[in-house]
Amino acid sequence: MRIRHSRPQHTAARPCINPHAAGLDIGSEELWACVPEDRDAEPGRPFGTFTPDLYALAEWLAAGQIETVAMESTGVSWIPVYEMLEVRGFRVHLVNARHLKHVPGRKSDVKDGQWMQSWHTCGLLSGSFRPAAKGSAIHVMLASQCRSITY
């Protein structure tokens with residue numbers, strides 16, 4: 001399936017800060033990954049959310065020489081994708097969905113991924129804070145203990 005691209009071209013007004021950037025729109029059953037148009041014959045592809053699908057996503061991004069990835073942080077579906085890509089050596093930017101919510105013309109998962117890829121290439125997306133792996137483990141453990149004490 002060939003995707004029509006309506007994303008803006010990079011000009012002097014929109015410089016290319018991250019030329020090796022990808023955008024991911026993550027849902028509970030599938031995710032859409034978009035890379036620059038010169039990296040693949042099909043620059044936007046759907047992937048499943050199971051572990052073999054995430055391995056295939058990482059391989060596809062690596063084959064396209066992607067170095068950094070932007071993704072929305074809705075629900076908890078982003079967590080395994082984030083961790084898989086981080087382990088594979090990608091710089092992952094977790095973007096708050098509220099920052100992307102009011103963008104005009106976004107009506108599908110494919111377009112969301114395209115816009116995130118385009119904005120991330122221009123350096124317009126800032127990542128949310130995500131502690132290192134050890135910090136995350138401690139946070140989860142403390143939150144769990146606090147919940148068990150409260151109930």
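Values below: all heavy atoms of this structure, side chains included; hydrogens, waters and symmetry mates excluded.
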Practice task
Run the numbers on W32 and E30 for side chain to side chain contact (heavy atoms under 4.5 Å, CB included), then give the verdict.
Solution key: CA-CA 7 Å; W32 276 89; E30 75 174 0; 3.2 Å; yes

On a heavy-atom basis, which atom in [X] and which in [Y] lie closest, and how many Å separate them?
X   : Y    : answer
T49 : G27  : CG2-O, 3.7 Å
I17 : C122 : CG1-O, 3.2 Å
P43 : A41  : CD-O, 3.5 Å
V35 : A22  : CG1-CB, 4.1 Å
C34 : G44  : SG-CA, 4.0 Å

Handout entry: Separation of D40 CG from R45 CZ (nearest 0.5 Å)
Key =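 Nearest 0.5 Å value for the CZ-CG distance: 6.5 Å.
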
Practice task
State the CG-CG distance between L24 and L61, to the nearest 0.5 angstrom.
Solution key: 6.5 Å

Please determine whether residues [X] and [Y] belong to a single hydrophobic cluster, defined as Ile, Leu, Val, Met, Phe, Trp and Tyr linked transitively by side-chain heavy-atom distances below 4.5 Å.
X   : Y   : value
Y55 : I26 : yes
V69 : I79 : yes
V76 : L94 : yes

Problem - salt bridge (charged side-chain N to carboxylate O under 4.0 Å, His left out) partners of residues 61-71, not counting sequence neighbours, each pair once - result: none

Problem - Residue pairs, two or more places apart or on separate chains, that pass salt bridge (charged side-chain N to carboxylate O under 4.0 Å, His left out) and touch residues 50-61 - result: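 Qualifying pairs: E59-R88.
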
Exercise for the section: Please list, chain by chain and in numerical order, all residues satisfying side chain to side chain contact (heavy atoms under 4.5 Å, CB included) with S28, sequence neighbours excluded. Expected result: S77

Practice task
Using the side chain to side chain contact (heavy atoms under 4.5 Å, CB included) rule, take F90 and I66 through it: C-alpha gap first, then chi angles, then the decisive distance, then the call.
Solution key: CA-CA 8 Å; F90 295 98; I66 299 301; 4.3 Å; yes

Handout entry: Sub-6.0 Å ring centroid separation between W60 and F47
Key =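 Yes: the rings meet the under 6.0 Å criterion.
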
Exercise for the section: Applying side-chain contact (heavy atoms from CB on, under 4.5 Å) between M71 and each of L31, D25, V92, report the one that passes. Expected result: V92

Exercise for the section: Going by the side chain to side chain donor-acceptor pair (under 3.5 Å) test, name the single residue among R39, Q65, R91 that passes it with H20. Expected result: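 Looking at R39, Q65, R91, the match for H20 under the side chain to side chain donor-acceptor pair (under 3.5 Å) is R39.
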
Exercise for the section: Say whether, by atom type as modelled, one donor and one acceptor occur between the side chain of Q117 and the main chain of A21 under 3.5 angstrom. Expected result: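 Pair found, side chain donor or acceptor close to backbone of A21.
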
